[in-house]
Amino acid sequence: MSIWRVKPISAFEADMKKSDLKRVLTRWGLTSLGIGAIIGGGIFTLTGIAAHDYAGPALALSFVIAGIGCLFASLCYAEFASVLPVEGSAYAYAYGTIGEIFAWFIGWNLILEYMMGATTVAVAWSGYFVKLLHLFGIEFPIWLCNDLHTATEKILEHNKAFPNEIIDLPSFAFNLPAFIITWVVTAILIKGIKEAASTNNIIVIVKIAVVLFVIICGAFYINTDNWHPFIPTEVPALDALGNATGKMNFGFGGVLTAATIVFFAYIGFDAVSTQAGEAINPKKDVPFAIIASLIICTILYILVSLVLTGMVHYSQLDKAAPVASAFSENGLTWAVFIITIAATAGLTSVMLVMMLGQTRIFLGMSKDGLLPAFFSQLHSNFKTPYKSTFLVGTIISIVAALTPIEKVSEMCSMGTLLAFGMVCVAVMILRYKKPELERHYKTPAVYLVGTLGVSFNLFLMTQVRHDTWIAFLCWGTLGIIVYFAYSKKRAKLNHLEKENE
């Protein structure tokens, strides 16, 4: 019962044969899921923060750096997906190579990533939806579209700005739009993977169409003077009190800082690997979808960043809504409607893929006995893990409706960075231990790519806030306690080891 035991490849193959999940996802269906997870709020919000505060026009270079860093991890993911095309993503890959304790820790943190990510997106969706209603002259009560803390802050700001229009502070607040969209997505996921994929495909088409609209239409309003200097002069970064933080804004240091920010817009390709159990030809199509979705989105991100910083000087970009503000500054106010609708739709698909990935992580861990059987029970008709989907929807909807989630949103990235780094290590270990395995896709220069992937992700983890590290370590400690108290004793590998004795 060693914590370092690994799950045999034969056991994975047996799980694949016994799986009752419907295999309906095609190569481009998987690619669409990846694009749906990657292109969302990042392209409509992170571009403004990164350009305005850190990189200037060189934001395009930041996207290149972040894209290359993600590419290292995606190449390693692709090889694993061709060897172990099962639900569970990095958790399953670690279980088959490094050992059970590492697999558990990665799975535990992927739960955090997807749960926190989907919750954050639900709150962001609410904000865009309320803004969309505002464009049509419909005003939503502040206390009904925010948590109590955020609603109180907004009302205090309003009362300070408009002393003649005082609004009473609420004793109760509930983010109704975030609550409702969570249950809409939950219902789609319970209904079936085919319906979820079809919904995602429609949204992805809308998103890509609007992103192309931004690129093509915005190109006619580019003023190349806004690109000079391409990398603004480096200046020390200051905190709220005006003290130096030790980091630099602008210059190449600012470009690197911006790369760590926009990196989090890429993490959705990880969700593709969680759908291997529902792919028609997973060994070939999952690797293709992982790499294709990342490359397509990287190109779109680079082009959008060049257009935005060309349309408006980076110092004038609105950090909250950079795309909309760039078009407004150029007199294209009608385009704001299109962009806001696209942002709302885009966040819907991000949330859908994140919740989909969450339940498939649960499914993989439950099949291995590390979580209760509750998480792997499939609906008799829909063949989806409906109980865990319902549970995930319940938790996310309540947390999104009642919590000022922006303070803990970085937590969703910590689990991802750890998973990416561990996959890069694991693929090198598997290549060394099992060189004879059939690989429909092989990571090129695997030891170089794997080492660079680990280094890149460890570097990004050092850039995360101190408070986030503390919360991450607390979550990890809780996970280790759960493993030794429950999972280690109930792992199905226990039975396999007894049979082999």
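Just so it is clear, the values below take in all heavy atoms, side chains as well, and ignore hydrogens, waters and symmetry mates. Along the sequence shown, residues are numbered consecutively beginning with 1. As the structure is a prediction and not an experimental result, all values here were calculated from the model.
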**Report entry** pair Leu189-Leu352: side-chain heavy atoms closer than 4.5 Å
**Finding:** yes

Query raised in the report: Does a side chain donor of either Ser366 or Ser376 reach within less than 3.5 Å of an acceptor in the other side chain?
Result: yes

Query raised in the report: Does Phe102 reach the side chain of Val425, with side-chain heavy atoms less than 4.5 Å apart?
Result: no

**Report entry** Donor-acceptor side-chain pairing of Thr97 and Lys433 below 3.5 angstrom
**Finding:** no

Report task. Apply side chain to side chain contact (heavy atoms under 4.5 Å, CB included) to Phe80 and Ser273, showing your working. Result -> CA-CA 9 Å; Phe80 261 124; Ser273 63; over 6 Å; no

Query - Close side-chain approach of Val83 to Leu430, heavy-atom, < 4.5 Å - result: yes

Query raised in the report: Hey, does Ile280 have a side-chain heavy atom less than 4.5 Å from the side chain of Val24?
Result: no

Query raised in the report: Hey, does the side chain of Arg360 reach the backbone of Gln358 with a donor-acceptor pair shorter than 3.5 angstrom?
Result: no

**Report entry** Where Cys424 and Ala73 come nearest, the two heavy atoms and their spacing
**Finding:** SG-CA, 3.9 Å

Determine all donor-acceptor pairs shorter than 3.5 Å in which one atom belongs to a side chain in residues 443-458; sequence neighbours excluded.
{"from": "Thr443", "atom 1": "OG1", "to": "Leu75", "atom 2": "O", "distance (Å)": "2.8"}
{"from": "Thr443", "atom 1": "OG1", "to": "Glu79", "atom 2": "OE1", "distance (Å)": "3.1"}
{"from": "Thr451", "atom 1": "OG1", "to": "Tyr447", "atom 2": "O", "distance (Å)": "2.6"}
{"from": "Ser455", "atom 1": "OG", "to": "Thr451", "atom 2": "O", "distance (Å)": "2.9"}
{"from": "Asn457", "atom 1": "ND2", "to": "Gly453", "atom 2": "O", "distance (Å)": "2.7"}

Report task. I would like to know whether Ile98 and Val6 meet side chain to side chain contact (heavy atoms under 4.5 Å, CB included); could you show each step before the answer? Result -> CA-CA 7 Å; Ile98 301 178; Val6 298; over 6 Å; no

Report task. For Leu30 and Val286, run side chain to side chain contact (heavy atoms under 4.5 Å, CB included): C-alpha distance rounded to whole Å, both residues' side-chain angles, the deciding distance at 0.1 Å, then the answer. Result -> CA-CA 7 Å; Leu30 288 163; Val286 172; 3.9 Å; yes

Query raised in the report: Which pair of heavy atoms, one from Leu71 and one from Ser74, lies closest together, and at what distance?
Result: O-OG, 2.8 Å

Requested in this report: Tell me, with the steps shown, if Val185 and Met355 meet side chain to side chain contact (heavy atoms under 4.5 Å, CB included).
Outcome: CA-CA 8 Å; Val185 172; Met355 290 179 66; 3.7 Å; yes

Query - Sub-4.5 Å side-chain heavy-atom contact between Val350 and Lys207 - result: yes

Report summary line: The complete set of side-chain hydrogen bond (donor to acceptor under 3.5 Å, both in side chains) pairs with one or both residues in residues 27-39, sequence neighbours excluded, reads Arg27-Asp285, Ser32-Asn200, Ser32-Asn201

Query raised in the report: So does Lys283 have more than 12 non-hydrogen atoms from other groups sitting under 6.0 Å from NZ?
Result: yes

Query raised in the report: Pro8 versus Leu493: any side-chain heavy-atom pair under 4.5 Å?
Result: yes

Query raised in the report: Taking all non-hydrogen atoms of both residues, which atom of Val423 and which atom of Ala90 are closest, and how far apart?
Result: CG2-CB, 3.4 Å

Requested in this report: Flag the pair Phe420 / Tyr77 as yes when their ring centroid distance falls below 6.0 Å, and as no otherwise.
Outcome: yes

Query raised in the report: Of Phe375, Phe374, Tyr386, which meets ring pair (Phe, Tyr, Trp, His ring centres under 6.0 Å) against Phe362?
Result: Phe375

**Report entry** Other residues, nucleotides, ligands: >12 heavy atoms within 6.0 Å of Phe105 CZ
**Finding:** yes

Requested in this report: Please check if atom CZ in Phe459 has more than 12 non-hydrogen atoms from other residues, nucleotides or ligands closer than 6.0 Å.
Outcome: yes

Requested in this report: Could you tell me whether a side-chain N or O of Thr150 sits under 3.5 Å from a main-chain N or O of Asp147, the two making a donor and an acceptor?
Outcome: no

Query raised in the report: Does any N or O in the side chain of Trp469 come within less than 3.5 Å of the main-chain N or O of Met461, such that one atom is a donor and the other an acceptor?
Result: yes

Query - Test item: Thr359 side-chain N/O and Leu356 main-chain N/O as donor-acceptor pair under 3.5 Å - result: yes

Query - Heavy-atom side-chain proximity of Trp183 to Phe390 below 4.5 angstrom - result: yes

Query raised in the report: Are a donor atom and an acceptor atom from the side chains of Asn146 and Lys154 found within less than 3.5 Å of each other?
Result: yes

Requested in this report: Answer yes or no: is there a donor N or O on one side and an acceptor on the other, between the side chain of Ser82 and the main chain of Tyr441, under 3.5 Å?
Outcome: yes

Query raised in the report: Does the side chain of Ser487 come under 3.5 Å of the side chain of Trp104 through a donor N or O and an acceptor N or O?
Result: no

**Report entry** pair Asn109-Trp475: side-chain heavy atoms closer than 4.5 Å
**Finding:** yes

Query raised in the report: Minimum heavy-atom separation for Ser62 to Val255, with atom names?
Result: OG-O, 2.9 Å

**Report entry** Test salt bridge (charged side-chain N to carboxylate O under 4.0 Å, His left out) applied to Glu100 and Lys488, step by step
**Finding:** CA-CA 9 Å; Glu100 186 174 275; Lys488 185 173 183 290; over 6 Å; no

Query raised in the report: So, does Glu278 use its side chain to make a donor-acceptor pair with the main chain of Leu25 at under 3.5 Å?
Result: no

Query raised in the report: Just checking, any donor-acceptor pair under 3.5 angstrom between side chains of Ser126 and Asn175?
Result: yes

Requested in this report: Show the numbers, then the answer: is there a side-chain hydrogen bond (donor to acceptor under 3.5 Å, both in side chains) between Thr348 and Trp125?
Outcome: CA-CA 7 Å; Thr348 305; Trp125 185 94; 2.8 Å; yes

Query raised in the report: What are the two closest non-hydrogen atoms of Pro170 and Leu148, and how far apart are they?
Result: O-CD1, 3.6 Å

Query raised in the report: Just by distance, do the side chain of Trp4 and the backbone of Ile101 share a donor-acceptor pair under 3.5 Å?
Result: no

